[in-house]
Each structure stands twice: as C-alpha cells, then as structure tokens.
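If you're wondering where the values come from, they're calculated on a predicted model, not measured in any experiment. Atom set for the values below is all heavy atoms of this structure, side chains included, hydrogens, waters and symmetry mates excluded. Atoms within each ligand, like the ligands themselves, are counted from 1 in listed order.
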Amino acid sequence: MNTLSSPHDRVLSGMRPTGRLHLGHYHGVLKNWTRLQHEHRCFFFAADWHALTTDYETPQQVAEHTYDMIVDWLAAGVDPGSAVLFVQSRVPEHAELHLLLSMMTPLGWLERVPTYKEQQEQLRERDLATYGFLGYPLLQSADILIYKATMVPVGEDQVAHLELTREVARRFNHLYGREPDFEARVQGALRRLGKKQAQLYEHNRRAYQERGDDEALAVAQALVRGQTGISIGDRERLLGYLEGSGIIVLPEPQPLLTETSKMPGLDGRKMSKSYGNAIALREDPDTVAQKMRTMPTDPARVRRSDPGDPEKCPVWGLHQVYSDEARRDWVQEGCRSAGIGCLDCKKPLIEAVQAELAQFRERAKPFEDDPGLLREIVAAGCEQAREVARETLDEVRQVMGLGYR
Ligand code: TRP
Ligand code: SF4
C-alpha cells in the first residue's frame, strides 16, 4: 500500500443532493475540494439517503438532483482521476455500518445533537419525528467511519455531527477493540518496527501514559503513521496501544473547517437558492450579465454624482472575492468620490465572473453531451468506494462477533 492511500490521511465529505449548485458552493466548498484532491486520498459523495430523511415524501427528484450536483462538482474542477466520486445509496455498506453502530449508540446522544431540534423547528411543515431523521447524524458517522476518514471538510454547522462521530468511534473501539492476544501482537509489531524505532516509540508512549505528555503522544503517532513497511493491522495496534486501549478499529475523524464562504449573494445576504440571490455554476452568460447589471448598490447613490460607501453595497462583497488590491483601491476611491459609476464598478466583476463560469461550462460540456460518461464515472467511483467500505465492514463484523459462518 502506498502512503497516499494509507488510512491516516483519508478525506471524506458529502453533500445532500439539492440540484444545481451556485457560486456560494464553489467558493465555500468545491474550491477547497479541488485543492484537497491533490493532497490526500479523497472521497466525495452525494448523500441521497440523507436527503430522504427530510424529503421522503418527494423522492422523485433525488436522481436528477444527484446527477446535476455531480456535474457541477466536475464543472468546478473536482477530478474523478484524483478523487473518488460516488453516491451513498449505491454503497449499501454504509447502511450496514449504520445499523451496527445503532446497537451501541445511546439514544440521548442523538437527541442531544443541536441540529435535531433546530431542524425540526425550521421544517415544521414536514413530519420529522421519524426514526430516520433522529438517526441522521449516526448515518453520517457511518459515512465517515466506513472509510476510516481522518479529515472531514465541513462547515461550522456540521461540527456537532463530527463530535458525535468521534464519540461513537471511541465507544466502538472501547467495546470491540480488544484482541485476545493484543499484547503479544503489539510486541510482534514492535519487533517489525526495528529496534531504534521501537525504542523511540516506547519512550514516547511512557511519557504520554505516565505524565500525560501530549507532545510525546503526537510524536509517537507520527512515528507510527510514518511507517510504510508495516501492515494496517500493526499500525492500528500500535496506535491503540499508545493510548492504552486495544486496537483502534475506527479512527476518530477531525473536522477540517471550511472557512465560511465570503461569497455574498446578489443582494448582499448569504448566497442561497432559496433567497433567489444566486448565480448558478452553469448559468447562461446573458442571465449572469443581466443579474449582475441589475444588482442593487449603495442606496445612497441615487444619481451618478452622489458619492457612495462600498461597505453598504453588495457589489463590494463580490470585489472582495474577485478583485486584487489595486482594483479594490480603485473601487473604494472611485465610489467615495463619485469618480466612477456603478456600472463602471461592476464591469470588471462581470468579466471575472463570466470568465470563471466559462471554464465551468467548458468542463461540464462533455457530461452534458454524453450522460453515459457521467454514469460511468459515478459507477466506477461507487465500485472504488465499495472496495474500501467492504474492507472496514469485514473488520467491524469480525470484532462484533459476526464473522462466523
Ligand atoms: N450532513 C451533511 C450536510 O448537510 C452532509 C453529509 C452527509 C456529510 N454525510 C456526510 C458531510 C459525511 C460530511 C461527511 O452538509
Ligand atoms: Fe457599489 Fe461600486 Fe456603486 Fe460604490 S460604485 S455603490 S461599490 S457598485
């Protein structure tokens, strides 16, 4: 196994299929994914089961939304040659892990997740007093743990779900991460490390266990993770032994906080389809120009000769995303002195957005022209994901006593 695909740096993230994506998704999430895909082994998926937890009465749209969303990922530069792209419901292993985790997850943990009550309040018109909705965050835990993902790029609103995932992993490892001959296997793994590395490992493990030296723990973890010559099983034993528990079957993931998107909508509020202030990634150029030309500006600038204040103008928010310092200075100066008109101010922005969208459209085109191509990429991604998921699930079944035939 090469270092790229070793489990310690797997990245996983999911998105509920809501249809076509907009520039807010691009600047908030997708740009980040396109960077991560070159740095780590990445898994990105459409969380269609999660969509059903709230939209179970209208499942007809799920397929279309899923494919529209994935084309937008591709349009944004997510590369199926670098990242595994798949659909949750086509990797049924997630569901089995969800079921198995549900056996040992206290009900209170789920009831206490803040999004549970909040969402029920917000979506009052739907009946969300369902078993599936309560289990939403646990299904998310299964999504993450089945790939042994260590990094999960998400927004602030998902942090509570990550915290639950960590607790579930800890409880799982505590309950099932014991092998009858654990100590002997650890000793074997240490021999395979080689004398020098083993001594370093022992030294740091003691420092952590005897004095709670967190730095020593980090050093020893890095040492173990840096070993390319040992098996995954040995790696997990050595990691588990550091903290005194048994083997770590399911590693605890960390959230990789995505900066909240600085991309404002056309009216200055957060860009969102439901506010009607969004520019879609595959919006046609005329509509984009029209939307941007008619964008509201500082209400104090009634006439061209009235000075304005960029801080009170949604257009300024866009300059912060698309313009370099020189152009931002030009806007500040020109607006406050009424030296430029609002259309002058918007012109370079419209060009920048159009150039960005042109690139998206170009990348999307092969998939729009040939839906079969898209289906193939997704099918291949599902297969790749399943292989990894099956491996974890086999281990989970074993340690939970279900390995018998
Ligand atoms: N709950 C996430 C959201 O609404 C989507 C999601 C489902 C997810 N499973 C996941 C995100 C696993 C990260 C990891 O945005
Ligand atoms: Fe807004 Fe630019 Fe007009 Fe100033 S000049 S009000 S920043 S659009």
Nearest 0.5 Å please: distance from the [atom1] atom of [X] over to the [atom2] atom of [Y].
X	Y	atom1	atom2	result
Gln197	Arg192	CD	CZ	15.0 Å
Thr150	Lys148	OG1	NZ	11.5 Å
Thr18	His65	OG1	NE2	7.0 Å

Exercise. Listing residue and atom name, which protein N/O/S atoms are closer to atom 3 (Fe) of ligand 2 than 2.8 Å?
Worked result: Cys342 SG

Exercise. Mind checking what makes side-chain contact (heavy atoms from CB on, under 4.5 Å) contact with Asp267, not counting sequence neighbours?
Worked result: Arg269, Asn277

Exercise. Is the His27 to Tyr322 ring centre distance short of 6.0 Å?
Worked result: yes

Problem set entry | Partner set under salt bridge (Lys or Arg N to Asp or Glu O under 4.0 Å) for Arg327, not counting sequence neighbours | none

Seminar exercise, completed: Heavy atoms of Gln37 and Thr34 approach each other most closely as CG-O, 3.2 Å

Problem set entry | Close residues, ligand 1: non-hydrogen atom nearer than 4.0 Å | Leu12, Ser13, Gly14, Arg16, Phe45, Ala47, His50, Tyr136, Gln140, Asp143, Ile144, Val152, Val154, Gln158

Exercise. So, Glu356 and Tyr26: side-chain donor and acceptor under 3.5 Å apart, yes or no?
Worked result: no

Exercise. Side chain of Lys346, backbone of Arg293: donor and acceptor closer than 3.5 Å?
Worked result: yes

